[in-house]
Amino acid sequence: MAAEALRRAAQAAGDDLRVETQGGVGAQDTLTPAEIAAADAVILAADVKVDEGRFAGKRIVRASIGEAIRNAAGLISQAGGSGTGSTGAGGTVATTTTAGTVSPPPTSTPGTAGRPLSIVGITSCPTGIAHTFMAAEGLESGAKALGYRVKVETQGSVGAGNPLTPQDIAAADVVIIAADTNVDLSRFAGKRVYQTGTKPAISGGQALVQRALAEAPVYGTAAGLAVAGAEGGTDFVSQASAGKAAKNAGTPAFYKHLMTGVSHMLPFVVAGGLLIAIAFAIGSFQFGDQGIFIYEDRYAGTLGNTLFQIGSKGAFGLFVPVLAGYIAFSIADRPGLAPGMIGGFLAGLTGSGFLGGIIAGFLAGYIVLWLTRSIRLPRTLEGLKPTLILPLLGTLAVGLLMMLVVGRPVAAALTGLTAWLQGLGNTSAGLLGALLGAMMAFDMGGPINKAAYTFSTGLLGAKVYGPIAAVMAAGMTPPLALFFATLFFKNRFTHDEREAGKAAGVLGISFITEGAIPFAARDPLRVIPALMVGSAVAGAISMAAGCLLRAPHGGIFVLFIPNAVTNLPMYVVALLAGTAVSTVMLGILKKPIVETPAATNTPSVANAATD
């Protein structure tokens with residue numbers, strides 16, 4: 001309404017007006033740097049704090065949304081008064097209105113000659129642990145090696161670390177997004193933005209920085225709008241840009257959407273699983289062997305039973321709606337969140353579990369995205385879309401599909417999968433465990449690793465605890481094997497690698513498989529096969545022995561919780577056997593190296609010289 005009032009007032013005054021609106025569905029008609037540069041004045045009509053960095057040097061008229069609606073003519077007249085410029089007939093007034101909580105993103109001019117280039121970046125991975133910080137370290141070291149200033153924000157499991165300020169962004173010459181989940185880019189409109197996954201930042205930060213400087217396109221500018229044309233404006237540009245970047249990085253958009261959901265789901269799964277494990281432990285202390293049945297009604301009111309209810313009905317009851325909601329959020333932004341979560345909740349009602357939740361998330365996301373692009377309303381009614389129209393129509397469509405079409409078939413498929421897993425014999429279970437174990441070690445936190453982990457955690461809601469046990473044992477094996485290999489086969493590793501092996505050991509006992517990545521990146525043809533074989537052995541023994549795990553994370557520390565692991569002795573055997581196999585294979589496959597001062601930091605060259 002404020003935008004429309006200002007347009008009419010400007011037209012009556014003979015002024016040329018460009019209006020950007022910020023609301024619940026993001027930025028509409030984003031002002032370009034060229035339009036801002038040509039403007040004689042800027043009107044900021046906002047009820048929230050607005051970053052004014054991109055309007056530096058311009059005369060700014062500030063007002064509330066209500067004032068813009070009631071006194072639009074006065075604001076236009078004020079903007080056309082004396083100042084840095086005037087807005088007579090044919091003049092230009094750049095105007096932005098903010099009706100929601102989204103602030104206009106900052107923009108900057110190109111870097112100033114005589115100062116080093118400034119790089120800012122964001123790193124993020126589904127679990128928000130190792131990959132996030134390793135990618136940040138790779139970016140920082142790569143930029144510093146080239147003599148550039150750098151600041152990297154990490155979006156991890158505890159929120160944003162080292163957050164970028166509007167001033168950091170305004171001064172940046174290029175923005176690098178090294179993420180395996182979708183990252184909100186709204187604050188980078190008008191900046192050169194290069195998107196990729198975490199792996200390029202980990203394996204070659206310097207090369208990534210150079211590639212970004214050479215290839216990064218400007219995000220959300222007029223050139224991009226021309227491509228989208230009449231098909232939907234900035235939202236189309238953002239989607240196309242993200243899709244292209246994901247393709248270039250070798251990461252399908254489908255995977256990024258799924259991993260966004262998984263990254264938000266994991267805290268619920270981990271918290272619920274650990275609470276259930278603690279409940280069994282307390283039950284065992286209170287009721288001995290009968291404590292394993294602490295979930296039964298006869299123990300209602302006891303501490304163990306209460307903790308079990310919190311974990312199973314609270315945290316586990318929410319993880320499927322959260323998974324579905326954030327898949328939809330990744331696809332359609334905030335308007336997709338409510339339909340996605342409701343679809344995930346209905347997946348639980350229909351018995352379709354995590355499989356139904358994944359389907360509901362993608363249905364909600366793409367339905368809401370289509371509705372966003374298809375529904376055209378007068379500007380005065382545009383605010384109804386994110387708060388009324390999109391949630392209502394999206395929820396209606398997803399709800400009907402889940403209840404009438406998707407729910408029952410997927411529930412039957414999940415029931416069949418559960419029955420098959422529970423009925424596996426020792427040999428078949430061992431083969432499945434070997435497959436899951438090899439997947440965990442293949443890319444150590446990448447898409448295949450996450451596929452195995454997501455599959456296993458999803459089955460917890462169906463009370464299938466065998467696969468997650470195999471996956472955790474197999475995920476601990478690679479970094480632990482590298483720790484022992486650097487101790488027993490020192491001549492196969494450089495001094496730096498031997499030091500890194502100590503950290504890998506700590507990460508291994510914590511079930512952080514990514515601790516093995518630096519070693520695999522330096523010598524993939526020898527390290528990865530050795531780790532896959534050991535992890536396959538660990539997974540096979542765990543599944544064949546009938547080991548069950550009720551806590552989906554925590555590494556070696558959950559082994560000390562009574563009843564958290566079924567058949568604990570064989571589970572320890574599986575972990576030790578897998579670690580031993582990988583350790584021995586690393587000693588056999590890797591060649592001895594001769595370190596010299598010049599070769600200390602180039603292990604791959606030394607290895608090649610001794611092949």
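Between Leu436 and Phe455 the shortest side-chain heavy-atom distance falls below 4.5 Å. Residues Val471 and Phe511 are in side-chain contact: their nearest non-hydrogen atoms beyond the backbone lie under 4.5 Å apart. Inter-residue side-chain proximity for Thr260 and His264 is flagged as met; some heavy-atom pair is nearer than 4.5 Å. Proximity of Thr583 to Leu487: side-chain heavy atoms (C-beta onward) are nowhere separated by under 4.5 Å. Residues Phe268 and Leu323 are not in side-chain contact: their nearest non-hydrogen atoms beyond the backbone lie 4.5 Å or more apart. For the pair Arg526/Lys591, a side-chain contact is recorded, criterion being any heavy-atom separation below 4.5 Å from C-beta on. No side-chain heavy atom of Arg492 sits less than 4.5 Å from a side-chain heavy atom of Leu586. Under the 4.5 Å side-chain criterion, counting only non-hydrogen atoms from C-beta, Phe483 is not in contact with Leu507.
Classification of the Phe316-Phe319 ring pair by plane angle, with boundaries at 30° and 60°, yields perpendicular.
Taking all atoms of both residues into account, the shortest heavy-atom contact from Val152 to Ala136 is CG1-CB, 3.8 Å. The shortest non-hydrogen separation linking Ala328 to Gly336 is CB-O, 3.1 Å. Scanning all heavy atoms of the two residues, the minimum distance from Met585 to Ala530 falls at CB-CB, 3.8 Å. Contact detail for Ala347 and Gly357: the closest heavy-atom pair is CB-N, 3.6 Å. Between Ser352 and Thr350, the shortest heavy-atom contact is OG-OG1, 3.0 Å. Here the closest heavy-atom approach between residue Leu549 and residue Val565 is recorded as CD1-CG2, 3.6 Å.
Remark: Gln210 CD to Gln206 CD distance equals 5.5 Å, nearest 0.5 Å. Taken to the nearest 0.5 Å, the CZ atom of Phe133 stands 11.0 Å off from the CD atom of Glu140. Rounding to the nearest 0.5 Å gives a distance of 9.5 Å between CZ of Arg498 and CZ of Phe493. Atom OG1 of Thr198 and atom CG of Leu208 lie 11.0 Å apart (nearest 0.5 Å). To the nearest 0.5 Å, atom CE of residue Met570 and atom CG of residue Leu575 are 12.0 Å apart. Note: Leu303 CG to Phe285 CZ = 12.0 Å, rounded to the nearest 0.5 Å.
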Do Leu568 and Leu559 pass the side chain to side chain contact (heavy atoms under 4.5 Å, CB included) test, and can you show the C-alpha distance, the side-chain angles, and the key distance before you say yes or no? CA-CA 7 Å; Leu568 180 59; Leu559 305 187; 4.1 Å; yes

One pair to check against side chain to side chain contact (heavy atoms under 4.5 Å, CB included): Phe345 and Val320. What are the steps and the verdict? CA-CA 7 Å; Phe345 179 79; Val320 172; over 6 Å; no

Where do Phe488 and Val584 land on the side chain to side chain contact (heavy atoms under 4.5 Å, CB included) test, with the steps shown first? CA-CA 9 Å; Phe488 299 143; Val584 172; over 6 Å; no

Thr457 and Ile468: CA distance, side-chain angles, deciding distance, side chain to side chain contact (heavy atoms under 4.5 Å, CB included) verdict: CA-CA 6 Å; Thr457 53; Ile468 191 61; 3.8 Å; yes

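Judged by distance alone, the side chain of Lys313 and the main-chain N or O of Phe308 form no donor-acceptor pair under 3.5 Å. With hydrogens and angles ignored, the 3.5 Å screen pairs a side-chain donor or acceptor of Tyr571 with a backbone N or O of Ala469. For Thr477 (side chain) and Ser535 (main-chain N/O), no donor-acceptor pair under 3.5 Å exists by modelled atom type. Remark: the backbone N or O of Thr132 is paired with a side-chain donor or acceptor of Thr123 at under 3.5 angstrom. In this structure, Asp523 contributes its side chain and Lys590 its backbone to no donor-acceptor pair below 3.5 Å. No side-chain donor-acceptor contact under 3.5 Å links Ser330 to the backbone of Tyr326. Under a 3.5 Å cut-off, the side chain of Ser582 and the backbone N or O of Pro478 do not form any donor-acceptor pair.
In the displayed structure, Phe442 atom CZ is contacted under 6.0 Å by at most 12 heavy atoms of other residues, nucleotides or ligands. In this structure, Gln309 places its CD atom where more than 12 heavy-atom neighbours from other residues, nucleotides or ligands lie under 6.0 Å away. The number of heavy atoms from other shown groups lying within 6.0 Å of CZ (Arg211) is above 12.
Among the candidates Val406, Ile327, Val398, the single residue satisfying the side chain to side chain contact (heavy atoms under 4.5 Å, CB included) test with Ile359 is Val406.
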